[in-house]
Amino acid sequence: MSSHRIGLLALQGDYEAHGKALVRAGFPRCDMVEIRSFSDLQFLTAIIIPGGESTVMSMLLERFGMFEELKRQIENGMPVLATCAGLILLAKNIEGNDQMGLGVLDIKVKRNAYGRQVDSFHAPVQTIIDSVGIIEGIFIRAPRILASGKEVEHLAIYENEPVMVRQGSIIAATFHPELLPDAPVHRWFIQTFV
Ligand code: GLN
């Protein structure tokens, strides 16, 4: 049996797309586990927090008694790949609503920040990761990162703003790399952290 166990937070949102992206990146399905309860959170090598609706995810984490345990594990260094709503959930500062977040990633975010007319769009995104390069950013009711602390490295830029960041082993993107056909971000995440 492999010693790796990647958790897909499966309370809500597009966790299934992340599972498929991990498979495309060469990670075996049998080493993934869908996380829906406190006990599922044990013995994880890494966790993926998907896009979806951050308010709902936060509420369900609380309701199922998972909020504090997830926060504790991330603070203890468990690698995380988070996208969109997942990034919002990790943020220390959520404009207009500080209470709901896990508060582990030193960024300030604004939800649904591109305005209604450009609710969703695709645009090329330049990353600083050699194996990833320039990728298509798929932004779906995306947040914007308004500020970030000095521990936070900017891994990708769109229109002079960070759209993918790293703080230690926390990786978070405002867009949806799980929807790319070749899953380069997932491949890099696995190679680097798992
Ligand atoms: N707008 C959503 C939120 O605020 C995020 C959208 C997404 O994850 N695609 O949680």
Side-chain angles (χ1 to χ4, degrees), residues 6-22 24 32 34-36 46-64 66-67 70-71 74 79-125 127 132 135-148 152 154-159 161-167 170-181 183-186 189:
I6 293 193
L8 300 171
L9 188 63
L11 299 176
Q12 192 266 339
D14 81 330
Y15 58 89
E16 191 44 45
H18 280 281
K20 289 179 182 160
L22 286 171
R24 291 198 297 283
M32 293 175 214
E34 294 185 357
I35 308 294
R36 295 198 174 84
I47 192 163
I48 302 229
I49 306 183
E53 197 53 47
S54 49
T55 48
V56 177
M57 253 188 263
S58 171
M59 184 191 73
L60 293 174
L61 281 172
E62 280 285 4
R63 182 180 300 170
F64 301 139
M66 300 162 71
F67 193 95
L70 180 59
K71 181 176 162 78
I74 296 171
V80 187
L81 175 62
T83 57
C84 204
L87 170 139
I88 296 167
L89 209 55
L90 294 175
K92 276 216 167 106
N93 188 327
I94 302 162
E95 199 178 74
N97 187 350
D98 266 354
Q99 301 312 311
M100 74 180 207
L102 293 164
V104 292
L105 174 60
D106 192 9
I107 57 172
K108 177 176 182 179
V109 293
K110 182 176 165 66
R111 298 176 58 212
N112 305 320
Y114 287 96
R116 251 207 230 141
Q117 68 281 27
V118 282
D119 241 3
S120 302
F121 59 98
H122 294 201
V125 161
T127 77
V132 177
I135 51 176
E136 185 178 29
I138 302 170
F139 295 84
I140 304 171
R141 296 181 62 232
R144 277 168 71 178
I145 299 173
L146 303 180
S148 58
V152 178
H154 298 173
L155 295 179
I157 299 290
Y158 167 68
E159 289 192 335
E161 288 180 4
V163 289
M164 182 160 80
V165 293
R166 167 179 182 165
Q167 179 187 312
I170 300 174
I171 308 299
T174 62
F175 57 96
H176 289 271
E178 72 279 15
L179 300 179
L180 295 176
V185 172
H186 290 70
F189 179 75

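Every number for a ligand or one of its atoms is a count from 1 in the order of the listing.
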Practice problem: Could you say whether the N/O atoms of I140 and ligand 1 ever approach to under 3.5 Å? | Solution: yes
Practice problem: Check ligand 1 against G51 and write out every atom of the ligand that is under 4.0 Å from a heavy-atom position of the residue. | Solution: 8 (O)
Quiz item: Any heavy atom of H176 sitting closer than 4.0 Å to ligand 1?
Solution: yes
Quiz prompt | Option with minimal heavy-atom separation from atom 2 (C) of ligand 1, where the choices are G52, C84, S54 | solution = G52
Exercise. Return yes or no for this condition: an N or O of T55 is under 3.5 Å from an N or O of ligand 1.
Key: no
Quiz prompt | Heavy-atom closest contact (I88 atom, S54 atom, distance) | solution = CG2-OG, 3.5 Å
Practice problem: Taking only heavy atoms of I88 into account, list the atoms of ligand 1 that are under 4.0 Å away from them. | Solution: 3 (C), 4 (O), 10 (O)
Quiz item: Would you call T174 and V109 a side-chain contact if the rule is heavy atoms closer than 4.5 Å?
Solution: no
Quiz item: When S148 is tested against each of Q167, E161, H154 for side-chain hydrogen bond (donor to acceptor under 3.5 Å, both in side chains), which residue passes?
Solution: H154
Exercise. Tell me which protein heavy atom sits closest to atom 4 (O) of ligand 1, plus the residue, atom name and distance to 0.1 Å.
Key: R111 NE, 2.7 Å
Practice problem: Check whether any side-chain N or O of T83 sits under 3.5 Å from a backbone N or O of G51 as a donor-acceptor pair, and report yes or no. | Solution: yes
Quiz item: Got a second to check how far I48's CD1 is from E34's CD, nearest 0.5 Å?
Solution: 12.0 Å
Quiz item: Taking N or O atoms only and a 3.5 Å limit, does N112 qualify as a polar contact for ligand 1?
Solution: yes
Quiz item: Does the side chain of H186 reach to within under 4.5 Å of the side chain of K20, using non-hydrogen atoms?
Solution: no
